[in-house]
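Step one of this worksheet: look at the structure below.
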Amino acid sequence: MLKMNHVSKLFNPGTVDEKIALMGVNLHLKPGDFVTVIGSNGAGKSTLMNIISGVMKPDAGEVSIDGSSIGHLPEHRRSRWIGRVFQDPMAGTAPNMTIEENLAMAYRRGSSRGFQIGVTSSKRKLFKEELQRLGIGLENRLRAKVGMLSGGERQALSLLMATFTKPQILLLDEHTAALDPARAELITKLTNEIVSDLNLTTLMVTHNMEQAIRLGNRLIMMDKGRIILDVNEERKKDLTVEQLLGEFENISGHKLSDDRIMLG
Amino acid sequence: MINFLSNLDGPVELGLLYALMALGVYITFRILDFPDLTVDGSFTTGGAIAAVLITNGVNPWVSTLAAFGGGMLAGVCTGLLHTKGKINGLLSGIIMMIALYSINMRILGKPLISLSGEETLFSSIDAIWVMAVIVIAGKLLLDAFFRTDLGLSLRATGDNHRMIRSFGVNTDVTKILGLSLSNGLVALSGAVVAQHSSFADISSGIGMIVIGLASVIIGEAVLGNGSIFRTTLAVVLGSIIYRIVVAVAYEIDWLETSDLKLITAIIVIIALVVPTIRRSMKQRSMARKRSAELLTGNQGKGGAA
């Protein structure tokens, strides 16, 4: 489904601030894979996401979806295949527009936008059904401005907007990190439900080790721009947080450091 | 004063003439979040195109439409400078404003063209009625446009460009579209103002952006900014109220005509500063109230899920 071959990215090349963001990364995702990504600060997790979504262009290497190379396409042309939820709850929705208007924009993912009316009664019906799936009552607030919602509600809406058109690839970039534990748990639960219901090929960056082990069928660990550990479904089942941390120290030679890392 | 009140249709008529320009400024300033100074140039462009065509015997409706097209073209240029040339938005507008001065002079051929005795939009019907129809039609068309898929993506470009790009919208295109629509409306306003005053003048656009801003801000202060329908109505109303304020100012003996721009600037400053102060005062008193509540143990309700 998603293939990255020998992808590298440098920041500030040739200066004293040169930094390796990604170095020769190879990553192949099969259809329906749900891969969790962990790693320390500056390991290249966000760069990985940005290169797949087209926010950044790789310095070297190939990115392809479904066999066709997408490395040369700008972000807005790739969005046909890629749904994305950001860490910042403010990032995934338009605050001064209503819930139904936000959904109408997501509904048109990747297709051309012309003079058709954005929110029709048939679409409104569909949006209501989809919002009910979230179970937080947003279906009764279709005309509320998204800026009035709480962070958790906005993130739930972002998740729905990113997924309900069934993108080929779903990118989740620490999408529960900015939420308090209870709301983070709600979003995690919804993520799991939606990804398995729609059988979405998913890449999820998280700083929550327990979550990384519990969710998905594959886990990769990154350090200094490389993938240093790739855990398959079978091994992942019996993995504990302690084992994972030990494994990281063994391979990388230093402790996993992330000021926001959560162990459980 | 009584004499003035019985003469309200003057300011209303002017307000309607400039309302189109205010709607244009609203599109860039509020919807695209792009303070576009092209307006000062494109307003004159509109007047110049309409005046030249009319004096050459072209039908006034066709001439007015051509002015709209000319304004759109100016907006496209500003948009290209900003998106493709990666020039700061404010600077792109200033560059186009300056460039348009020369272009406007070329169109006019001389600093002023008189339209007296020419057939204009207002030759057979009272200006106030013609303008009421044009402004209401323009407002409703704009409302409808902002509810279409394309209109939604234009609004989202100003609201959260990162989000709308992740859903497949080329924000360069929506910005250029918004700027061209905005400057089209501004030029349209310039065209009707020229026909109303019976002349097109090279300096007619100076300070137009601030008048547009004043109208938008006054309108929002009076009617609030809820739905698009309500906000565009507020902008039209703001334009009319602005003209009433100006008319009142003219009644004051010691004020000179040239003080008008200063008065406009002061209106805009007040309208921009007061809401900020009010908001921070409200927030502070809210914070004080909540901390007092929390201290006394009356926790009340926090946030919801």
Side-chain angles (χ1 to χ4, degrees), chain A residues 53-55 74-86 88 90-98 101-102 104-120 134-138 143 145-147 149-153 156 158 161-162 165 167 171 180 182-183 186, chain B residues 26-34 83-84 86 140-178 181 216 220 224-232 234 279 301-305:
Chain A
S53 62
V55 175
E75 182 187 3
H76 64 89
R77 301 267 311 271
R78 293 187 196 193
S79 61
R80 178 179 314 187
W81 305 290
I82 300 172
R84 189 168 189 194
V85 184
F86 304 94
D88 178 3
M90 306 292 166
T93 47
N96 289 312
M97 299 173 72
T98 63
E101 285 170 343
N102 270 276
M105 292 187 283
Y107 182 81
R108 284 262 169 241
R109 169 194 296 286
S111 56
S112 68
R113 294 161 201 257
F115 295 102
Q116 315 90 322
I117 295 296
V119 185
T120 57
L134 299 178
I136 52 175
L138 292 183
R143 294 196 183 173
K145 285 196 177 172
V146 171
L149 306 185
S150 71
E153 288 168 338
S158 303
M161 284 165 62
T165 51
L171 302 178
D180 64 51
R183 289 172 202 182
L186 170 74
Chain B
Y26 163 69
I27 293 174
T28 47
F29 181 62
R30 281 292 189 231
I31 293 189
L32 278 183
D33 196 17
F34 183 115
T83 58
K84 305 298 175 197
K86 312 272 182 221
L140 292 176
L141 274 172
L142 215 53
D143 293 343
F145 170 69
F146 282 124
R147 284 205 305 273
T148 65
D149 282 321
L150 190 60
L152 288 179
S153 55
L154 202 150
R155 286 164 60 198
T157 301
D159 206 13
N160 186 348
H161 57 93
R162 192 167 161 212
M163 165 259 177
I164 196 65
R165 267 205 297 269
S166 82
F167 287 107
V169 169
N170 184 346
T171 49
D172 285 358
V173 171
T174 47
K175 275 182 196 162
I176 294 170
L177 177 72
L181 189 59
V216 171
E220 285 179 347
N225 48 356
S227 59
I228 288 281
F229 179 88
R230 188 161 159 182
T231 320
T232 51
R279 211 176 308 129
K301 272 214 273 185

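Reckoned from all heavy atoms, side chains included, excluding hydrogens, waters and symmetry mates. Owing to the predicted nature of the structure, the values given are computational and were not obtained by experimental measurement. Here is the naming used below: chain letters follow the sequence lines, and residue numbers restart at 1 for every chain.
- Within the 3.5 Å criterion, the main-chain N or O of A:A91 finds a donor-acceptor partner in the side chain of B:N160.
- Heavy-atom pairs under 4.5 Å with chain B were tallied for A:I117, A:T165, A:V119, A:N102; the largest tally goes to A:I117.
- The candidate with the highest count of non-hydrogen atom pairs below 4.5 Å against chain B, out of A:R143, A:R109, A:K145, is A:R109.
- Atom OG of residue B:S166 and atom CE of residue A:M161 lie 7.5 Å apart, to the nearest 0.5 angstrom.
- When atom types are taken as modelled, the side chain of A:S79 and the backbone of B:G168 share a donor-acceptor pair closer than 3.5 angstrom.
- Under the rule for a ring pair (Phe, Tyr, Trp, His ring centres under 6.0 Å), the partners of B:F34 that lie at least two apart in sequence or sit in another chain are B:H82.
- Heavy atoms of A:R80 lying under 4.5 Å from chain B are absent altogether.
- Relative to the six-membered ring of B:F167, A:R108 misses at least one condition, a distance below 6.0 Å or an angle of at most 45° to the axis.
- For A:Y107, no part lies under 4.5 angstrom from a heavy atom of chain B.
- The NE2 atom of A:H76 sits 9.0 Å away from the CZ atom of B:R165 when rounded to the nearest 0.5 Å.
- Annotation: the span from A:N96 atom CG to B:R155 atom CZ amounts to 9.0 Å, rounded to 0.5 Å.
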Item checked: Derivation and outcome, salt bridge (Lys or Arg N to Asp or Glu O under 4.0 Å), residues B:R147 and A:E101 -> CA-CA 8 Å; B:R147 284 205 305 273; A:E101 285 170 343; over 6 Å; no
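- Most heavy-atom pairs under 4.5 Å with chain A, from the set B:I228, B:V169, B:N170, B:T171: that is B:N170.
- When each of A:P95, A:G137, A:A104 is scored by its heavy-atom pairs under 4.5 Å with chain B, the top score falls to A:P95.
- Taking each heavy atom of A:F115 and B:T148 in turn, the nearest pair found is O-CG2, 3.4 Å.
- The distance from the CE atom of A:M97 to the CG atom of B:L152 is 4.5 Å, given to the nearest 0.5 Å.
- B:D149 places no side-chain N or O within 3.5 Å of a backbone atom of A:G114 that could act as its donor or acceptor partner.
- Interface check for chain B: of the options A:D180, A:T93, A:L149, A:T120, the most heavy-atom pairs under 4.5 Å are formed by A:T93.
- We find the CZ-CZ distance between A:F86 and B:R162 to be 4.5 Å, quoted to the nearest 0.5 Å.
- Scanning for salt bridge (Lys or Arg N to Asp or Glu O under 4.0 Å) contacts around B:D33 gives an empty result, with sequence neighbours left out.
- For A:M90, the part lying near chain B is the backbone, with the side chain staying farther off; criterion is any non-hydrogen pair under 4.5 Å.
- Only the side chain of B:I164 comes within contact range of chain A, with at least one heavy atom under 4.5 Å from a heavy atom of that chain.
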